[in-house]
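A short worksheet on the structure shown next.
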Amino acid sequence: MASSPLQFSTPFRTLLLSSPSLRKSPRLPFHPSLFSPPLTQKTLTFSIGTRAVSGSGKFYWRAKASMAGTAMEKGKGKGKVEVFDSEENLSVSLAKYTADLAAKFSKEKGSFTVVLSGGSLIKSLRKLVEPPYVDAIDWSTWHVFWVDERVVPKDHDDSNYKLAFVGFLSKVPILPGNVYAINDALSAEGAADDYETCLKHLVKSNVLSVSTATGFPKFDLMLLGMGPDGHVASLFPGHPLVKENEKWVTFIKDSPKPPPERITFTFPVINSSAHIALVICGAGKAGPVHSALGNSQNSDPLPVQMVSPEGELVWFLDKDAASKL
C-alpha cells in the first residue's frame, strides 16, 4: 500500500509539531459512496434451538428462533446481552446500534469518537458501508481510533489499521485527518507514548471528552472483540498490563499471540467509555463467554470480565458464542 503525508484540516494543524503519529500517518483514499425490551426473568428465549437446564443459581434457558435477537439484563457490571441466530443478523443490529449512537453524539456535540479493534470485528461492521447507512450517516463527524495495534508497518497483514482500511475505512468518506493510526516508524514504547500524546492533544482541543469520574479520556463508543483466551485489546490473561492503572496507552513486547510487539489502551481508558459493544462470534469463544456471563466465580478474572464501562455495555453474541450459557 503506498503512503504519503496526510493532509489535515485546520483544527488538527496545531497537533503536528508535537505528535509524530499524526505527522506520519498515510493519506487515505476515501470514497463517498433495538433492542427488544430486556428480559429479567431466569427463562430467556433466544436462538439456539436447544434446551438446557442447570443447577441451582444457574441459568434456565429455553430456545426459540429469533430474527432480531433477544436481550437480557445481566448482573451489575455485566451489561445487556444480545444473542442472534446468525452472524448476519448480528451485523445488521450492530450497524443500527452504531449508526444510532453516531447520530446521537453528532447532534449533541458535533462529533463521534469511535474506537475499533482487530480480528473479526471489522467484518461485523460491513453493514455500515451498505445502504441505508453509508449514505445516511454524517461521516464528517467521525473520529476513529484503535484500542490496540500491532507494531508493524501499516501495509503489513498483521496491521489492525490495514484490516480496518480494507474492510471499512476505504469504503466510507471519513475525513483522513480524523483517522488516528499509530506511528509505525517508532518502537513499541515510543509508539505508545506518541499515541498517548496524541490523545492528550485531542482532549485539549475538545475533540475528546474526559471522564469526570476517572480523569481518563471518554470515548463515545468502543467496539471490542474478544480472543478465544478471553483477552480484549492486547490485554492478555495473567499479564501484568491488565493491572496498569495510570497510563492511557501502554506497550507489550511479549504478547502470547503474535506479533509480540503491540500498543494497547489500558483498562481505565476502556472503562471510561460512554458505550462499549463486545462483539463475539463462534463456538471457539463460548468458554470465556460462559466464564464472563455465567455464575462461575473466578479468583483470577479473564480480561473480558474486567470490561465494565461507566456507561453502557452491550454484548453482541451469535448463537455459537452463547452456546455454553
Just so I know, are the side chains of [X] and [Y] near enough to count as touching, which here means a heavy-atom distance under 4.5 Å?
{"X": "Ser255", "Y": "His231", "result": "no"}
{"X": "Thr264", "Y": "Thr250", "result": "yes"}
{"X": "Leu128", "Y": "Trp139", "result": "yes"}
{"X": "Ile137", "Y": "Val172", "result": "no"}

Look at [X] together with [Y] and state whether they make a salt bridge at an N to O cut-off of under 4.0 Å.
{"X": "Asp100", "Y": "Lys96", "result": "yes"}
{"X": "Glu88", "Y": "Arg126", "result": "yes"}
{"X": "Asp229", "Y": "Lys257", "result": "no"}

Checklist entry - Does CD belonging to Glu108 count more than 12 external heavy atoms closer than 6.0 Å? => result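 More than 12 heavy atoms, drawn from other residues, nucleotides or ligands, come within 6.0 Å of this atom.
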Looking at [X] and [Y], what are the two nearest heavy atoms and their distance?
{"X": "Phe267", "Y": "Pro303", "value": "CZ-O, 3.3 Å"}
{"X": "Val147", "Y": "Ser117", "value": "CG1-CB, 3.7 Å"}
{"X": "Val151", "Y": "Ile182", "value": "CA-CD1, 4.4 Å"}
{"X": "Ser91", "Y": "Ser124", "value": "CB-O, 3.4 Å"}

Checklist entry - So Tyr180 and His143, would you call those rings parallel, tilted or perpendicular, with 30° and 60° as cut-offs? => result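 Taking His143 first and then Tyr180, their aromatic rings lie parallel (interplane angle under 30°).
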Checklist entry - According to the interplanar angle, ranging from 0 to 90°, do the rings of Phe145 and Phe219 count as parallel (below 30°), tilted (30 to 60°) or perpendicular (above 60°)? => result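 The arrangement is perpendicular - the two ring planes meet at more than 60°.
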Checklist entry - Would Val152 and Ile122 show up in the same hydrophobic cluster when neighbours are defined by side-chain heavy atoms closer than 4.5 Å? => result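 In one cluster: no.
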Checklist entry - Mind checking whether Val92 and Val83 sit in one hydrophobic cluster, side chains of I, L, V, M, F, W, Y counted as touching below 4.5 Å? => result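 In one cluster: no.
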Item to check | Phe316/Tyr97 aromatic ring centres below 6.0 Å | outcome: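 Yes, ring centres under 6.0 Å apart.
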Next on the checklist: Testing the 3.5 Å rule here: is there a donor-acceptor pair between the side chains of Ser211 and Glu310?
Outcome noted: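 Note: Ser211 and Glu310 side chains meet the donor-acceptor criterion.
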